[in-house]
Amino acid sequence: METQSENACFDGVQGVYTHRSDVCSCDMTFGLFLPEEAKDGPVPVLWYLSGLTCTHENAMTKAGAQGWAAEQGIALVFPDTSPRGDDVADDDAYDLGKGAGFYVNATQDPWAPHFRMWDYVAEELPALLADKFAIDPDRQAITGHSMGGHGALTLAMGLQGRFKSVSAFAPISNPVASDWGRKQLTAYLGADESTWAAHDASLLMRETGFDGPVLVDTGTSDQFIDLLRPEALAQAVAARRQQATLRMQPGYDHSYFFISTFMEDHVAFHAEALYAG
């Protein structure tokens with residue numbers, strides 16, 4: 001693992017690190033904020049999964065999360081959104097290929113050799129963090145934005161018992177019924193739609209739900225709201241009678257201005273679950 005940068009931040013350290021990923025068969029870069037408490041021992045961790053076109057850097061520099069995490073003594077992990085490198089497949093469209101990994105393990109060419117973001121976020125990066133940093137693997141929570149909100153919800157429900165809580169900002173809630181989903185799931189997983197269900201938060205909510213608190217914020221002025229389909233997730237939550245807080249925030253759009261406005265709420269929400277008991 002190579003240290004790209006480390007900066008003092010709210011009495012903790014905001015670092016950026018690169019390592020060779022066996023899962024993705026390329027070098028991967030991630031951001032990690034460690035609060036001051038990490039000097040004394042392992043701390044709880046909140047994962048933040050970013051959206052389409054983003055890298056590890058977007059939320060790290062624009063979400064305003066570190067100050068709130070420092071108050072709670074929580075680490076923040078900012079993974080990249082896809083594999084990178086000259087030999088990694090890409091597409092001219094912004095919503096496929098690099099920057100658009102969709103947090104799945106691709107089975108189709110040309111994506112299969114590198115696009116294994118589910119295994120990277122679920123297995124490889126957590127193991128690296130536990131080995132190299134003062135992270136408590138028994139106290140994890142997850143959040144994300146847009147495509148990352150999709151990833152946060154599907155990982156939380158797909159890895160039952162891993163995360164104490166899950167939240168999302170404007171998640172792609174029902175990708176099997178959205179152009180932000182059908183295109184990518186077809187490309188990465190193939191035309192057999194039965195393989196898609198494990199990566200649809202609304203279908204997973206109906207099937208398994210989540211054993212813990214859920215918080216989702218979406219702006220009423222989100223320019224992509226028809227692609228996000230928040231109503232599908234709300235219907236699934238109601239059908240399952242899942243413990244959840246689903247909020248439509250009046251006037252807010254899809255930007256980081258929206259995310260930074262409600263970041264304090266989300267960090268406090270996760271802190272309550274991470275420190276419970």
Side-chain angles (χ1 to χ4, degrees), residues 48-54 59 63 81 94-96 100-104 141-160 163 165-189 193-263 265-266 269-270 273:
Y48 183 101
L49 306 186
S50 288
L52 288 167
T53 75
C54 292
T81 54
Y94 76 94
D95 58 354
L96 190 67
F102 254 75
Y103 305 101
V104 303
I142 191 166
T143 188
H145 171 232
S146 194
M147 178 186 73
H150 141 80
L153 291 167
T154 56
L155 280 155
M157 288 186 276
L159 301 171
Q160 290 287 338
F163 300 104
S165 51
V166 59
S167 74
F169 299 89
I172 301 172
S173 297
N174 189 204
V176 303
S178 169
D179 288 343
W180 270 1
R182 295 190 64 83
K183 172 183 177 180
Q184 294 84 0
L185 294 175
T186 300
Y188 296 143
L189 302 180
E193 295 189 19
S194 67
T195 65
W196 300 1
H199 301 287
D200 186 291
S202 296
L203 297 182
L204 283 171
M205 182 60 72
R206 289 181 179 274
E207 182 66 24
T208 63
F210 177 71
D211 185 19
V214 178
L215 172 63
V216 178
D217 278 320
T218 304
T220 61
S221 296
D222 192 306
Q223 57 270 48
F224 305 112
I225 198 165
D226 289 341
L227 295 167
L228 304 176
R229 292 183 51 79
E231 68 279 3
L233 182 61
Q235 290 164 5
V237 164
R240 187 163 188 83
R241 299 176 181 175
Q242 165 76 43
Q243 174 190 2
T245 301
L246 310 180
R247 307 189 299 194
M248 299 300 300
Q249 300 291 0
Y252 285 90
D253 59 17
H254 202 67
S255 70
Y256 269 89
F257 297 112
F258 157 63
I259 295 167
S260 60
T261 298
F262 298 102
M263 182 56 72
D265 288 359
H266 283 245
F269 164 81
H270 290 295

Look at the side chain of Ser167 and the backbone N and O of Thr143, then say whether any donor-acceptor pair between them is shorter than 3.5 Å. no
Heavy atoms only: give me the nearest Ser50-Ala59 pair and the separation to one decimal. OG-CB, 3.9 Å
Could you tell me whether Tyr94 atom OH has more than 12 heavy atoms of other residues or ligands within 6.0 Å of it? yes
d(Leu246 CG, Leu233 CG) to nearest 0.5 Å is 5.5 Å
Taking Ser260 for the side chain and Ala63 for the main chain, is one N or O donor matched with an acceptor at less than 3.5 Å? no
Using modelled atom types only, decide if a donor and an acceptor are shared between the side chain of Ser178 and the backbone of Asn174 within a distance under 3.5 Å. no
Rounded to the nearest 0.5 Å, what's the gap from CD1 on Ile172 to OH on Tyr103? Could you check? 10.0 Å
Is the backbone N or O of Cys54 less than 3.5 Å from a side-chain atom of Thr81, with the two atoms forming a donor-acceptor pair by type? yes
To check you understand the geometry: which heavy-atom pair defines the closest contact between Met205 and Gln242, and what is its length? SD-CG, 3.6 Å
Got Ile259 and Tyr48 here, is their nearest side-chain heavy-atom distance under 4.5 Å? yes
Measuring only between side-chain heavy atoms, which start at C-beta, is Leu155 closer than 4.5 Å to Leu49? yes
State whether the side chain of Ser173 and the backbone N or O of Pro230 hold a donor-acceptor pair below 3.5 Å, judged by distance alone. no
With a 4.5 Å limit on heavy-atom distance, are the side chains of Val216 and Val237 in contact? no
Is the shortest side-chain heavy-atom distance between Leu153 and Val166 below 4.5 Å? yes
Should the ring pair His254 and Trp180 be called parallel, tilted or perpendicular, given that the plane angle runs from 0 to 90° and is split at 30 and 60? tilted
Which label fits Tyr252 and Phe262: parallel for a plane angle under 30°, tilted from 30 to 60°, or perpendicular past 60°? perpendicular
Could you measure the distance from the CD1 atom of Ile225 to the OG1 atom of Thr220? Nearest 0.5 Å is fine. 7.0 Å
Taking the side chain as every heavy atom from C-beta outward, state whether Leu203 and Trp196 have any pair of such atoms under 4.5 Å apart. no
Roughly how far apart are Thr186 OG1 and Glu193 CD, rounded to 0.5 Å? 7.0 Å
Any heavy-atom pair between the side chains of Arg247 and Leu215 that's under 4.5 Å? yes
Can you tell me how far CD of Glu207 sits from OG of Ser202, rounded to the nearest 0.5 angstrom? 13.5 Å
Do Thr154 and His199 have side-chain N/O donor and acceptor atoms under 3.5 Å apart? no
Could you please spell out the steps behind the side-chain contact (heavy atoms from CB on, under 4.5 Å) verdict for Leu96 and Gln184? CA-CA 6 Å; Leu96 190 67; Gln184 294 84 0; 4.1 Å; yes
Find the distance between CZ (Arg229) and OG1 (Thr218) and round it off to the nearest 0.5 Å. 13.0 Å
Taking the side chain as everything from C-beta on, heavy atoms only, tell me whether His150 gets closer than 4.5 Å to Pro175. yes
Closest heavy-atom pair, Met157 versus Ala201, reported as atoms and distance to 0.1 Å, is CE-O, 3.4 Å
Ignoring hydrogens, what is the shortest heavy-atom contact between Ala141 and Ser165? Give both atom names and the distance. CB-OG, 3.4 Å
Phe210 side chain near Leu204 side chain, heavy-atom distance below 4.5 Å: no
Mind listing the closest non-hydrogen atom pair of Asp217 and Gln249 along with its distance? OD1-NE2, 3.0 Å
Counting N and O atoms only, with roles assigned by atom type, does the side chain of Gln160 sit under 3.5 Å from a partner on the main chain of Gly209, one being a donor and the other an acceptor? yes
